[in-house]
Amino acid sequence: MGIVKKLNLRSPKNARVDFGRFYGVDLRLDGEVGGYNRAEMSYNCSVLDGSLKTSLGLKSLNDKYIPPVDDLISSVYYFRHSDYQTGVRDDRIIAYTDTGNMYEVSIDGGEFTIIKGLTFNNQPIGVCYNYNSSDVIIFSAEGEGIKIYDGEKVTVVSDAPSVTSMCVHSERLFITSGGVDGALWFSDDFDPTNWNVSLNEAGFIDMSDDRGEMICAVAFGGYVYVFRSYGVSRVSAYGDQSEFSVSHLLVSCGKIIKNTITVCGDCIMFFASDGLYRFDGYNAVKISEPWFNLVDTSPEWVKGVYYNGYTHYLLYFTIDGVKVRGVFRINPSGTDYQFIYVAALIDIAVISGENCYKLFAVERMTRRLGELCKGGGWGGDPLPMAWKSKQTDFGIKAREKILKKVSFYATAPVTLTVWVDGEEHSYQIDEYKKRCQIRPNLKGSKFAFKIFLREVEAEVSGLTLDFAYYQ
């Protein structure tokens, strides 16, 4: 007869981890201290309402805007133009190409046609202006003077100072000319072709001091703000020149990066060597601590525009250890931001016509125009999106735990990758019309998760993890 012994077996404990909501990339918090629902890496995802939703895609505009023949677009501009004789809007899109030529097309679509007499050796900057009761666009590239296009003819202003940035304020054209001379130039009022220096015509303001080179002038809040390498100066410039005044503002930040200085409604945003700042005209606040280590703001690559409540920066950022060129989208408060990688873009521009408010982009490979918009996919094709958590034990202090179940809602097929103490396991979920469930039964101490899908528009929410463990 055998001997029967009573075994004192322990029952496992269960723990459920409810993510609650997803957050964007935030490298400040480690996964072990509650940062597990703040992404280590994320791209093409919006988390504004707590779920993962597809961010912006790139919609092709090839059929609407026919590019120049045997020439490649490198940058694009919006020309706000009206025919005052007929009272008809005649807004146009202007493109600069690799050959130095400039082309135009109606905002309603058509073929790009060359603008005779409007050429530059380097990519120009452009601003819209109303000159002699006619809508014009003023172009300039450093060392190449100013050229004014009124929709029919080009006027060359050969005696203007060399231009590195320009803005319109109080009917004058204000420019910075680069170098270390420390001068802010301004045209005669109502006449951007007149640069004769006198008390009644054009002039300049000497700003040479230890704040560094002048890199950009912008009109904001009734003033002209002159951004220097290491500071900002505010110019009050109304009426007679004798009443102009300058005040130097204290801005504690790193070296300011030129093409990132962007007027964003009631503030100005700019990158410095130590982060992204929001500037209200008096004070600058850094808003980039969660994600700044992932971006590369090399001056020759970066550009910023403000569109639909968000600043969009064209720059390089890192995805899974690989540096890619994409768009970083952030609201002025810094609370909502996304890394968007759709294609390698070389320019972005806001098209703000009466009946057309869009964000255009130039794709590097085809040099065709596209529109950055929701539901655009990648030229209509499915768009990859991903969200990856940090490694964590989820506060369960048992040496080992078993991941019994993972569940979530999804509107498209999902690839779920689970890392257990560094070992990778992947699961494909194709049945997504009801709550998705996977039973990995993986044992380990620390876990990390990556959600990946490829779709034009998609959503993932309600991520829940079920663990079993022994104490």
Side-chain angles (χ1 to χ4, degrees), residues 19 21-48 52 55-56 227 229-230 251-262 264 267-279 284-305 310-342 344-345 348 384-393 417 419 422 424 446-452:
F19 267 53
R21 61 161 297 154
F22 293 95
Y23 290 90
V25 173
D26 190 342
L27 304 182
R28 294 172 298 178
L29 292 176
D30 187 79
E32 308 294 359
V33 292
Y36 57 81
N37 58 355
R38 288 164 168 79
E40 177 183 277
M41 178 278 297
S42 174
Y43 62 89
N44 294 340
C45 295
S46 169
V47 296
L48 183 60
L52 296 181
S55 187
L56 302 184
F227 283 77
S229 295
Y230 295 97
V251 178
S252 179
C253 65
K255 186 175 182 180
I256 298 173
I257 300 169
K258 176 183 175 179
N259 291 330
T260 68
I261 301 163
T262 310
C264 306
C267 70
I268 299 173
M269 295 178 69
F270 65 89
F271 271 102
S273 57
D274 60 342
L276 178 66
Y277 286 81
R278 181 181 65 249
F279 177 64
V285 178
K286 189 190 297 186
I287 58 172
S288 56
E289 287 86 349
W291 46 262
F292 184 63
N293 288 342
L294 295 179
V295 302
D296 179 353
T297 54
S298 301
E300 63 270 24
W301 295 114
V302 69
K303 178 183 180 179
V305 299
Y310 287 79
T311 308
H312 298 73
Y313 283 109
L314 190 63
L315 44 67
Y316 278 97
F317 52 82
T318 301
I319 295 176
D320 285 336
V322 179
K323 186 179 289 187
V324 299
R325 185 163 170 78
V327 175
F328 179 68
R329 181 176 187 252
I330 184 169
N331 63 356
S333 67
T335 56
D336 184 35
Y337 45 87
Q338 302 130 40
F339 292 93
I340 301 169
Y341 176 55
V342 183
L345 306 179
I348 51 176
M385 59 180 278
W387 187 96
K388 182 182 178 182
S389 74
K390 303 180 180 71
Q391 181 176 264
T392 177
D393 62 6
T417 303
W419 285 268
E424 182 176 324
K446 294 183 179 182
F447 298 77
F449 300 84
K450 178 181 176 181
I451 295 171
F452 178 88

Please report the shortest heavy-atom distance between [X] and [Y], naming the atom on each side.
| X | Y | answer |
| --- | --- | --- |
| Tyr43 | Pro384 | CE1-O, 3.9 Å |
| Cys45 | Met385 | SG-CE, 3.5 Å |
| Pro290 | Tyr337 | CB-OH, 3.5 Å |
| Arg325 | Leu314 | NH2-CD2, 3.4 Å |
| Phe279 | Phe227 | CD2-CZ, 4.1 Å |
| Asn37 | Trp387 | O-CZ2, 3.4 Å |

With a 3.5 Å distance limit and no angle check, can you tell me whether [X] reaches the backbone of [Y] through a side-chain donor-acceptor pair?
| X | Y | answer |
| --- | --- | --- |
| Asp336 | Asn331 | no |
| Ser288 | Leu276 | yes |
| Asn44 | Ser55 | no |
| Lys450 | Ala386 | no |
| Ser389 | Phe449 | yes |

Requested in this report: Could you walk me through whether Lys390 and Tyr36 pass the side chain to side chain contact (heavy atoms under 4.5 Å, CB included) test, one step at a time?
Outcome: CA-CA 5 Å; Lys390 303 180 180 71; Tyr36 57 81; 5.8 Å; no
[atom1]-[atom2] distance between [X] and [Y], expressed to the nearest 0.5 angstrom:
| X | Y | atom1 | atom2 | answer |
| --- | --- | --- | --- | --- |
| Ser273 | Ile257 | OG | CD1 | 6.5 Å |
| Thr311 | Ile268 | OG1 | CD1 | 11.0 Å |
| Tyr316 | Lys323 | OH | NZ | 8.5 Å |
| Thr262 | Met269 | OG1 | CE | 8.0 Å |
| Asn259 | Thr297 | CG | OG1 | 11.5 Å |
| Asp296 | Thr318 | CG | OG1 | 8.0 Å |

Query raised in the report: Between Phe317 and Trp291, is the ring centre distance below 6.0 Å?
Result: no
**Report entry** Aromatic contact, Tyr313 with Phe271 (centres under 6.0 Å)
**Finding:** yes
Query raised in the report: Applying salt bridge (Lys or Arg N to Asp or Glu O under 4.0 Å), which residue pairs with at least one partner in residues 267-279 are found, sequence neighbours left out?
Result: Asp274-Lys286
Report summary line: The single option from Val327, Ile319, Val295 that satisfies side-chain contact (heavy atoms from CB on, under 4.5 Å) with Phe339 is Val295
Query - Carboxylate-amine/guanidinium contact Glu40 Lys388, below 4.0 Å - result: yes
Report task. State, with a plain yes or no, whether a side-chain heavy atom of Val342 is found less than 4.5 Å away from one of Leu56. Result -> no
